[in-house]
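So the structure is just underneath, and the comments pick up after that.
As the structure is a computational prediction, the values presented were derived from the model and not from experiment. FYI, side chains are in, hydrogens and waters are out, and symmetry mates aren't considered; it's all heavy atoms of this structure.
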Amino acid sequence: MSKFKIALPLLLALPQIAIADLALEEIEVTTPLRIPEEEKNVIADTTVITSDEIERAGLSTLPQLLQQQPGIEITNSGGPGKLSTVSIRGTKSTHTLVLLDGMRIGSATTGLAPIQDMPLSQIEKIEIVRGPASSLYGQDAIGGVIQIFTKKGKKGFHPYISAGYGRYKTKEMAAGVSAGNDSTRFAINLAGVNTDAFSAFVPDDSNASNTRNIDKDHYKNRSVSSNLSHQFNEQIKIDLQYFLTTGKNMFDQRYANSDPTYVNYDDKTKQEAYGAKITGKINDRWESSLKIGKSTDIYSAQQAWDPNLGAYGEWVDDAVDLYKTKEYQLSWQNNVELDYGSLVLLYDFLKEEIETTDIYDKDQRTNNGFVIGYNLQHDKHTFQTSLREDLNSQYDNQTTGSIGYAYQINPQWRISSSYGTAFVAPNFNYLYSAVDLSALGNPDLKPEKSKNIEASLRYENNSSSISLTAYQNTIKDYIIWSYISWGNRENTRNIDEAKIQGLTLATDHFFDNLQIKGSITTESAKNEVSDNYLPRSANLYGSVNFNYYLDDWIFGIENIGSGSRYNDDANKSVNKIEGYIITNLVTNYAFNEKFSINMRLDNALNKDYALAYDGSQEGDNSYVYQTPGRGLYTNLRYNF
């Protein structure tokens with residue numbers, strides 16, 4: 001870890017910067033306040049991944065791109081298409097709300113969003129808000145919000161095509177068009193990914209179950225996104241959106257040895273979201289919008305375990321194990337400009353339904369949310385606050401709020417502080433699962449509730465930005481799974497409290513043509529009852545990237561690292577996941593205004609590292625999820 005620890009003093013030692021040839025662009029964001037606002041005026045700790053950054057990422061995946069952002073850790077269960085999760089500021093993966101063009105996506109049974117199935121070629125930009133956001137978005141936003149924006153229509157006619165190839169016979173094709181005039185705009189984008197990948201489990205000849213899993217776990221993805229907007233007049237506008245991604249995936253199974261004859265485990269996934277939004281100006285100060293939509297998440301394992309076959313049971317091929325979530329969503333939002341500041345009035349409706357081949361005690365719930373928000377920017381002062389009441393059919397009403405203040409010391413320096421509360425509704429597996437006797441649902445679970453306080457100091461000019469953010473997030477009724485006995489619903493239970501304290505330093509500087517961009521987070525995330533560290537949460541993690549712009553070339557070095565972390569609640573030393581540093585080399589070249597190439601050498605030093613284990617590493621019951629080795633990937637893009 002000595003190399004990684006060097007990064008922190010490196011960032012701290014960055015000198016003051018004079019005006020440079022290259023400059024940071026001004027960016028407008030929507031997620032932090034649910035209304036458009038310049039990023040520099042937002043109090044919440046926010047990051048934007050721009051379309052240029054996404055394009056330069058080439059054949060990277062969404063989890064890989066998120067891994068380089070401040071305050072974010074990821075896990076991956078063995079390669080492309082395998083379950084990937086994201087954690088913001090040490091919170092659980094179920095504590096992050098993921099939105100797609102303003103709509104919730106994900107599984108109500110697991111509480112997770114399918115970030116592994118979201119191709120970067122469909123994405124225009126990503127906004128990340130760190131810290132509590134339930135006072136605007138309701139349940140599931142203790143750690144923060146990640147909003148993915150798909151590619152939109154724009155004036156003119158802009159078709160494109162791209163093709164890529166890389167290690168593990170990875171192939172990607174994408175094509176699309178963005179077009180429109182002053183009143184009507186549309187976009188449609190198609191993409192496909194095929195890869196042979198590698199064994200999801202690290203090969204281990206000493207483990208009979210693992211040995212049976214040593215094969216290439218292929219992945220295939222197909223996706224389409226489209227949108228249409230029309231401005232009828234100065235007062236009325238309508239937006240339509242559609243998104244679909246499907247996946248076919250092979251994976252490894254820790255119980256493979258229970259049926260030695262069966263080795264090919266695979267699943268199918270589908271994520272679909274569509275919606276319509278109408279926006280109208282009531283008068284010069286009052287804008288009202290109504291959005292309705294539906295998202296669907298489908299996971300179907302293409303084999304099922306039948307305990308009635310053979311001596312102890314067997315896997316049955318083509319016996320689908322289905323988990324389907326449907327989320328019906330409606331939002332009515334009113335934005336009102338006042339003489340001093342602006343007001344947001346919002347009503348949210350959410351209905352979650354599940355359909356599954358397993359048995360659950362309940363299969364649906366509804367939520368009604370009411371929000372009032374107020375934002376004021378006057379002279380050197382910025383004030384932002386919101387209050388939300390959620391009425392849910394499954395648990396008691398939840399009231400959340402946030403308040404933040406920032407003071408602009410001078411044109412470059414700003415200091416801010418905020419306080420907010422949030423909550424996460426237990427997912428259907430936690431509450432209602434009635435099949436797995438080791439992890440039965442517990443209907444008495446309470447929502448997890450958090451109180452977060454943070455302070456930030458920020459420096460920014462046209463070519464550089466530095467921010468230092470300290471935070472403390474106290475989570476009451478934190479949900480854990482810890483085995484007590486077979487068939488005991490208390491295996492899944494609330495504990496008194498978890499506390500996360502951290503400090504994030506983020507920087508983005510231009511020294512003439514050299515850009516240095518990175519972040520370091522030092523953090524303590526603990527179970528306050530046992531005094532153990534929370535699973536898969538490192539004390540130190542971050543990234544440092546170097547980009548050099550030379551005429552039509554961009555040369556980049558990406559360094560991503562994490563300290564060690566435990567894979568279990570008990571913090572057994574045998575279950576400690578070792579720290580890592582990986583280095584990627586990136587080159588972009590523009591032949592002309594239309595034709596460009598991206599080349600990546602990922603994991604250039606061919607480091608062996610892990611992001612997750614499966615089960616305990618004691619004895620022969622050890623399963624380590626494999627990560628990609630050194631790989632060269634090339635992507636060509638042509639804009640017509």
Side-chain angles (χ1 to χ4, degrees), residues 61-67 72-100 103-118 126 128 133-134 137-148 200 219 221 243 245-247 249 251 267-273 295-301 321-327 350 352-356 358 360 365 422-433 436 439 441 445 447-448 478-481 492 534-537 567 611-614 625:
T61 65
L62 177 57
Q64 288 174 319
L65 186 58
L66 292 174
Q67 188 181 21
I72 286 186
E73 298 174 275
I74 68 161
T75 69
N76 172 261
S77 300
K82 313 305 179 282
L83 175 66
S84 298
T85 66
V86 58
S87 168
I88 299 179
R89 288 183 174 177
T91 58
K92 288 191 296 186
S93 53
T94 54
H95 291 172
T96 298
L97 174 62
V98 179
L99 302 174
L100 178 73
M103 295 179 59
R104 289 173 173 264
I105 58 171
S107 168
T109 53
T110 65
L112 301 174
I115 60 172
Q116 69 275 1
D117 293 319
M118 310 292 288
I126 303 168
I128 303 168
S134 288
Y137 292 97
Q139 64 189 47
D140 308 331
I142 280 180
V145 178
I146 297 174
Q147 180 156 202
I148 299 165
Y219 175 62
N221 179 277
F243 178 84
T245 176
T246 62
N249 176 55
F251 63 95
D267 58 44
K268 295 180 179 180
T269 59
K270 177 181 177 181
Q271 325 297 327
E272 185 178 36
S295 65
T296 303
D297 177 286
I298 299 176
Y299 173 87
S300 58
D321 203 359
L322 174 70
Y323 299 87
K324 181 178 182 180
T325 295
K326 292 182 287 186
E327 293 184 299
L350 173 66
E352 298 171 288
E353 290 183 354
I354 65 168
E355 177 185 337
T356 174
D358 276 346
Y360 284 74
R365 65 185 177 192
F423 77 104
V424 168
N427 58 56
F428 280 68
N429 283 354
Y430 283 162
L431 286 165
Y432 305 130
S433 175
D436 187 349
L445 286 177
E448 298 169 287
Y478 191 88
I479 295 175
I480 65 168
W481 180 90
T492 305
L534 300 179
R536 298 179 178 176
S537 180
N567 198 61
L611 295 172
Y613 294 162
D614 188 5
Y625 285 116

Are [X] and [Y] close enough that some pair of their side-chain heavy atoms sits under 4.5 Å apart?
| X | Y | value |
| --- | --- | --- |
| Ile354 | Tyr323 | no |
| Asn567 | Arg536 | yes |
| Met118 | Val98 | no |
| Leu83 | Leu112 | yes |
| Asn249 | Thr269 | no |
| Ser433 | Tyr360 | yes |

Is it true that a side-chain atom of Thr325 and a backbone atom of Ala108 form a donor plus acceptor pair closer than 3.5 Å?
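The answer is yes, because a donor-acceptor pair under 3.5 Å joins these two groups.
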Mark yes or no for whether Thr356, through its side chain, and Leu322, through its backbone, hold a donor-acceptor pair below 3.5 Å.
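Side chain of Thr356 to backbone of Leu322: a pair is present.
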Given Arg365 and Leu431, is the side chain to side chain contact (heavy atoms under 4.5 Å, CB included) satisfied, shown in steps?
CA-CA 12 Å; Arg365 65 185 177 192; Leu431 286 165; 3.5 Å; yes
Using the side-chain contact (heavy atoms from CB on, under 4.5 Å) criterion, which residues pair with [X]? Sequence neighbours excluded.
| X | answer |
| --- | --- |
| Thr492 | Tyr430, Leu445, Ile479, Trp481 |
| Gln147 | Thr31, Leu99, Tyr137, Phe149 |
| Lys270 | Leu244, Thr246, Glu272, Ile298 |
| Ser84 | Pro63, Asn76, Ile115, Gln116 |

Among residues at least two apart in sequence or on other chains, which ones pass salt bridge (Lys or Arg N to Asp or Glu O under 4.0 Å) with [X]?
| X | result |
| --- | --- |
| Arg104 | Asp140 |
| Lys82 | none |
| Lys324 | none |
| Asp117 | none |

Go through the side-chain N and O atoms of Ser87 and Glu73 and say whether any donor and acceptor fall under 3.5 Å apart.
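Short answer, no.
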No-hydrogen, no-angle side-chain donor-acceptor test under 3.5 Å, Thr245 and Asn221
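Asn221 and Thr245 do have a side-chain donor-acceptor pair below 3.5 Å.
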[X]: ring-ring contact (aromatic ring centres under 6.0 Å, His included) partners, not counting sequence neighbours:
| X | value |
| --- | --- |
| Tyr432 | Phe428 |
| Tyr299 | none |
| Phe423 | Tyr395 |

Reference residue Thr96; test side-chain contact (heavy atoms from CB on, under 4.5 Å); the match among Val424, Ile88, Ile142, Val145:
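Only one of Val424, Ile88, Ile142, Val145 forms a side-chain contact (heavy atoms from CB on, under 4.5 Å) with Thr96, namely Ile88.
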My understanding is that only one of Thr85, Asp297, Asn429 makes a side-chain contact (heavy atoms from CB on, under 4.5 Å) with Thr110; could you say which?
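Testing Thr110 for a side-chain contact (heavy atoms from CB on, under 4.5 Å) against Thr85, Asp297, Asn429 leaves exactly one candidate, Asn429.
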Starting at CE of Met103, measure out to CD of Glu327 and round the result to the nearest 0.5 Å.
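Interatomic distance, Met103 CE to Glu327 CD, rounded to 0.5 Å: 8.5 Å.
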Calculate, to the nearest 0.5 Å, the distance between atoms CD1 and CG belonging to Ile74 and Leu66 respectively.
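So the CD1 of Ile74 and the CG of Leu66 are separated by 7.5 Å.
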Can you give me the closest heavy-atom contact between Ala422 and Ala133, atom names plus distance?
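Of all heavy-atom pairs spanning Ala422 and Ala133, the closest is CB-N, 4.5 Å.
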Who pairs with Thr109 by side-chain hydrogen bond (donor to acceptor under 3.5 Å, both in side chains), at least two apart in sequence or on another chain?
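With neighbours one apart ignored, the set is Ser107.
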